[in-house]
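Throughout, numbering of the chain's residues begins at 1 and tracks the sequence. Keep in mind it's a predicted model, so treat the numbers as computed, not measured. Atoms considered below: every heavy atom in the structure, side chains included; atoms not considered: hydrogens, waters and symmetry mates.
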Amino acid sequence: MTLKRWMRVRAGSTSPEQADLIAEALVAGGAAAVEMQSDCVITYLADIDTADAETTAAGLLATLLDATGENVAIQWDWLDDEDWTREWRRGLDARKVGNHFIVTPTWIEPAAGPGDIVITIDPKMAFGTGEHGTTRGMLRLMERAVQPGDVVLDVGAGSAILAIAAALMGAASADAVESDPDAIDNATENIERNGVALQVTLSCELVDDAYLRARPAHYDVIVANVLSGVLKPLLNGFRDSLKPNGFLMLSGILREEADGMIAAAAAAGFAVVAEDREDEWWSALLQPQAPETP
């Protein structure tokens, strides 16, 4: 009988934009998690027969070509279960983000001081573990925006880390909305693990204009950490579903895309209140502006 092991795949990336496309394609294709490095994206595939490695690799190449429009170089090797566990946990530690947040994997008990907010996330997903600059940028900006009693919308919730953060900051309720059904189980576990199931409502659906129109002036804070191409068409809907003094927080935006996003937000009636920059990523805190009096 052929031995079944973990197949570790390294997909080379030439830019942060390409790395994000590779990561999304791998997760959409069934990878349980990915690890982003400076020049490659690493994933681990379970229950692959060693005899099927070439077929699996050919399928991955086709998937990555379709996602990126480019030929992506991949390499692979094999890990036994014990080695995989050690490799996946290597380098993942509790991380202090901003002034108050500590994001930690489930196997680490971090040292927390007075005022610290500990978020425990099982890192099964590519997005939403605190290991990505866009997530950290959003958490830092949330410290300036979310107030006890707020009603919050988390668009493209992923692991639900931002909805959990809002609830732990005292939000009365947070709607965590994720359109990828593969993310829901992990988000559910994280919500329960952090003790915020009474505040966070998780749903598997798409946030679009219809979703937002059904909730006029409903939210104090909207957080959306998704691609800029998804954000721009929703800006008018975000404005209409925010309370007059509410906050919109956007991330998943590359620095070179920031000017275009600022212009699009201004056209939708928003002004930038604060910005966060980390590596190639730009995150922003915005507020609706009162219409000018003629």
Side-chain angles (χ1 to χ4, degrees), residues 16-17 20-21 24 127-128 132-147 150-158 160-163 165-166 171 173-180 183 201 203-278 280-294:
E17 299 94 324
D20 282 342
L21 291 173
E24 290 171 10
F127 214 63
H132 200 280
T134 60
T135 306
R136 294 192 291 271
M138 290 291 264
L139 289 172
R140 287 189 288 263
L141 290 173
M142 286 179 77
E143 292 185 332
R144 304 181 57 161
V146 177
Q147 300 296 321
D150 277 353
V151 178
V152 177
L153 171 63
D154 181 3
V155 179
I161 184 173
L162 299 180
S173 66
D175 293 333
V177 187
E178 172 56 56
S179 61
D180 181 2
T201 301
S203 61
C204 185
E205 56 186 310
L206 182 68
V207 173
D208 55 12
D209 283 338
Y211 181 99
L212 295 168
R213 279 197 305 270
R215 296 158 176 82
H218 184 70
Y219 294 106
D220 296 287
V221 180
I222 297 175
V223 297
N225 185 9
V226 294
L227 298 175
S228 59
V230 176
L231 294 171
K232 286 182 179 179
L234 293 175
L235 287 169
N236 288 325
F238 287 153
R239 182 199 60 221
D240 293 342
S241 61
L242 273 176
K243 295 177 183 178
N245 294 318
F247 288 100
L248 172 65
M249 296 172 50
L250 304 178
S251 195
I253 302 159
L254 293 164
R255 285 194 182 207
E256 56 263 33
E257 298 173 326
D259 289 343
M261 183 59 71
I262 292 170
F270 285 101
V272 175
V273 176
E275 300 173 87
D276 185 280
R277 299 172 186 268
E278 181 177 339
E280 71 272 21
W281 299 106
W282 180 82
S283 307
L285 176 66
L286 305 96
Q287 272 196 304
Q289 298 302 288
E292 292 185 7
T293 337

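Residue Arg144 places its CZ atom among 12 or fewer non-hydrogen atoms of other residues, nucleotides or ligands, all under 6.0 Å distant.
Rounding to the nearest 0.5 Å gives a distance of 9.5 Å between CD of Glu275 and CG of Leu141. The distance from the CE atom of Met142 to the CG atom of Asp276 is 13.0 Å, given to the nearest 0.5 Å. From Leu285, atom CG reaches atom CD of Glu143 across 12.0 Å, with rounding to the nearest 0.5 Å. Note that CE of Met261 is 11.5 Å distant from CZ of Phe270, once rounded to the nearest 0.5 Å. Annotation: the span from Leu286 atom CG to Ile262 atom CD1 amounts to 8.0 Å, rounded to 0.5 Å. One finds the OG atom of Ser283 at 8.5 Å from the CD atom of Glu278 (value rounded to the nearest 0.5 Å).
In this structure, Leu153 and Val221 have side chains that are not in contact, with every pair of non-hydrogen atoms separated by 4.5 Å or more. Using a 4.5 Å heavy-atom threshold, the side chains of Glu280 and Glu17 count as separate. Using a 4.5 Å cut-off on side-chain heavy atoms (C-beta onward), Val155 and Val177 make no contact.
Proximity of a side-chain donor or acceptor of Asp150 to a complementary backbone N or O of Val152 within less than 3.5 Å is not detected. A donor-acceptor pair under 3.5 Å is formed between the side chain of Asp154 and the backbone N or O of Ala163. In terms of modelled atom types and a separation under 3.5 Å, the side chain of Gln289 and the main chain of Gln287 share a donor-acceptor contact.
Heavy-atom minimum distance, Gly237 versus Leu212: C-CD1, 3.5 Å. Taking every heavy atom of both residues into account, Ala183 and Glu178 meet most closely at CB-CG, 3.8 Å. Of all the heavy atoms in Cys204 and Ser179, the pair that sits closest is SG-O, 4.0 Å. The minimum heavy-atom distance linking Leu235 with Ala268 is given by the pair CB-CB, 3.7 Å. The heavy-atom pair separating Leu139 from Ala165 by the smallest distance is CD2-CB, 3.7 Å. Minimum heavy-atom separation, Ile253 to Ser228: CG1-CB, 4.2 Å.
Arg215 forms a cation-pi arrangement with Tyr211, by the criterion of a distance under 6.0 Å to the ring centre and an angle within 45° of the ring axis.
The salt bridge (charged side-chain N to carboxylate O under 4.0 Å, His left out) pairs that include a residue from residues 238-255 are Asp220-Lys243, where partners are two or more places apart or lie in different chains.
A donor-acceptor contact under 3.5 angstrom links the side chains of Asp175 and Tyr219, judged on distance only. For the residue pair Trp282 and Glu257, no side-chain donor N or O sits within less than 3.5 Å of a side-chain acceptor on the partner.
For Ser173, there are no side chain to side chain donor-acceptor pair (under 3.5 Å) partners two or more places apart in sequence or in a different chain.
Exactly one of Asn225, Leu250, Leu254 qualifies for a side-chain contact (heavy atoms from CB on, under 4.5 Å) with Thr134. That residue is Asn225.
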